[in-house]
J.: 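Quick one: this structure, given as structure tokens, is what I'll be asking you about.
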Amino acid sequence: MNGMEDQLVDWFKSQARLDPTRFPIGIGDDMAQINLPSGGSVLVTTDMLLSGVHFDLSRHSLDQVGYKAMACSLSDCAAMASRPVAAVVAVGLPAGSDPDQLKLLHRGILKAAQTYDFPLVGGDMTVWRQEDLLAICVAMISIPGPYGVIRRSGAVVGDMICVTGRLGGSIHGRHMEFVPRVNEAIKLAGMVRIHAMMDLSDGLASDLPRLCKESKVGAVVNATALPISDQARLSADPIASALCDGEDFELLFTISQTDAAALARSWDDPLPITCIGQITAGSDIKIILPSGTIRDLDLRGYDHFERK
Ligand SMILES: [Mg+2]
């Protein structure tokens with residue numbers, strides 16, 4: 001799906017022909033930016049979550065589902081270092097749903113909204129003809145944070161590539177209850193000049209090439225530097241898990257080497273930040289394996305990284 005998704009995004013971009021004076025950021029970043037006729041701008045994103053794909057109705061409660069749907073969009077707000085201001089939510093409920101189930105879903109939605117201090121301002125609901133289907137779609141508006149909006153396209157050759165938190169294995173539970181890095185993104189933007197940023201929704205091996213493509217640069221990642229999560233360490237191939245598992249919802253960003261050194265000295269937050277590689281000239285995305293072998297970092301190669 002990821003390869004096809006990227007091709008479709010390119011196609012949509014080619015069809016859009018957006019006026020950059022009205023839409024400074026269009027299709028292909030974590031959020032689109034819309035300049036308002038009255039001055040200032042807003043950013044907008046939407047995320048659709050489906051039962052059987054993003055959550056499992058037999059294992060996850062409806063308040064978990066509501067929270068996750070909101071947190072996915074909040075993670076996009078974080079990716080732009082923006083502040084959420086309002087959300088609307090549309091749901092396709094399973095056949096036979098009762099009002100209490102909708103209220104449970106709503107509880108999860110509100111938990112996310114209240115944590116980040118913005119309201120749910122509307123929505124829509126409809127009902128499937130089947131009992132085992134649920135779709136939830138969040139549309140969220142944000143405004144630029146105090147340090148401006150950060151795009152995917154600003155990475156510079158020589159930049160250090162950094163990530164927050166730990167990578168891989170979120171399927172073992174964390175993907176339903178993750179903390180979107182809204183506050184951390186704004187804090188970071190106030191401490192250093194972030195050149196490019198996005199959130200990790202599909203795994204580093206899918207998302208880093210997207211950031212590099214937008215910035216027209218390459219990258220080299222050092223596998224031994226990856227902050228591998230405890231869950232990913234339990235998998236058969238922890239490095240592949242850290243690179244390819246989706247739904248980490250951590251931040252991926254690039255900063256100058258000087259800023260990386262400054263951040264290493266001054267970052268005082270409990271959320272770890274790790275430099276995992278460097279931006280290079282050209283368009284190749286490479287990984288240095290623990291053995292010292294250098295490979296292309298692509299999805300085709302991931303499952304035999306350490307099996308030569
Ligand atoms: Mg995103």
Side-chain angles (χ1 to χ4, degrees), residues 1-10 12-13 16 23-34 42-50 53-55 67-85 87 89 112 116 136-145 148-155 161-165 167-168 170-171 174-176 178-186 188-189 194-215 219 243-254 271 276 285 299:
M1 177 65 192
N2 288 336
M4 187 174 68
E5 188 180 328
D6 290 340
Q7 284 177 23
L8 283 170
V9 168
D10 286 344
F12 280 120
K13 265 190 197 174
F23 306 99
I25 304 174
I27 296 165
D29 214 309
D30 293 279
M31 298 182 85
Q33 187 179 24
I34 304 162
V42 294
L43 296 106
V44 64
T45 185
T46 185
D47 285 282
M48 168 91 83
L49 272 63
L50 302 176
V53 179
H54 303 98
F55 55 88
Y67 175 84
K68 180 178 179 179
M70 291 286 278
C72 288
S73 291
L74 284 165
S75 187
D76 283 328
C77 294
M80 313 299 289
S82 68
R83 281 230 180 270
V85 291
V89 180
Y116 295 92
I136 177 165
C137 181
V138 172
M140 194 171 288
I141 301 249
S142 69
I143 52 172
V149 168
I150 298 164
R151 305 166 185 237
R152 295 181 177 185
S153 57
I161 303 167
C162 304
V163 293
T164 59
L167 306 182
S170 80
I171 193 68
R174 192 161 44 96
H175 74 112
M176 295 304 294
F178 66 92
V179 177
R181 305 307 187 185
V182 175
N183 297 330
E184 292 85 353
I186 290 172
L188 269 170
I194 303 173
H195 291 161
M197 185 154 67
M198 66 184 296
D199 69 323
L200 289 169
S201 54
D202 293 336
L204 188 72
S206 296
D207 290 330
L208 178 60
R210 290 171 176 155
L211 184 144
C212 288
K213 189 178 166 194
E214 287 295 316
S215 296
L243 291 171
C244 301
D245 290 353
E247 307 207 322
D248 285 317
F249 294 110
E250 295 293 350
L251 297 169
L252 169 69
F253 61 96
T254 82
L271 180 70
I276 59 166
I285 318 285
L299 286 171

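Keep in mind it's a predicted model, so treat the numbers as computed, not measured. Note that ligands are numbered from 1 as they come in the structure, with each ligand's atoms numbered from 1 the same way.
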J.: Any side-chain to backbone donor/acceptor pair from Asp248 onto Gly168? Under 3.5 Å, distance only.
T.: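 Yes; at least one donor-acceptor contact below 3.5 Å.
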J.: Anything protein N, O or S sitting under 2.8 Å from the Mg ion (ligand 1): count it and give me the total.
T.: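 If we list every protein N, O or S atom nearer than 2.8 Å to the Mg ion (ligand 1), we get 3.
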J.: The criterion is side-chain contact (heavy atoms from CB on, under 4.5 Å); which residues satisfy it with Pro24, sequence neighbours excluded?
T.: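 Listed in chain order: Gln33, Asn35, Arg151.
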J.: With Ser170, which residues qualify under side chain to side chain donor-acceptor pair (under 3.5 Å), at least two apart?
T.: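 By the side chain to side chain donor-acceptor pair (under 3.5 Å) rule, Ser170 matches no residue at all.
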J.: What residues form a salt bridge (charged side-chain N to carboxylate O under 4.0 Å, His left out) with Asp199, not counting sequence neighbours?
T.: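 For Asp199, no residue satisfies salt bridge (charged side-chain N to carboxylate O under 4.0 Å, His left out) once neighbours in sequence are set aside.
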J.: Does His54 form a side chain to side chain donor-acceptor pair (under 3.5 Å) with Lys68? I'd like the steps, not just the answer.
T.: CA-CA 9 Å; His54 303 98; Lys68 180 178 179 179; over 6 Å; no
J.: Nearest 0.5 Å, please: how far is CD in Glu247 from CG in Asp202?
T.: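 The CD atom of Glu247 is 8.5 Å from CG of Asp202, to the nearest 0.5 Å.
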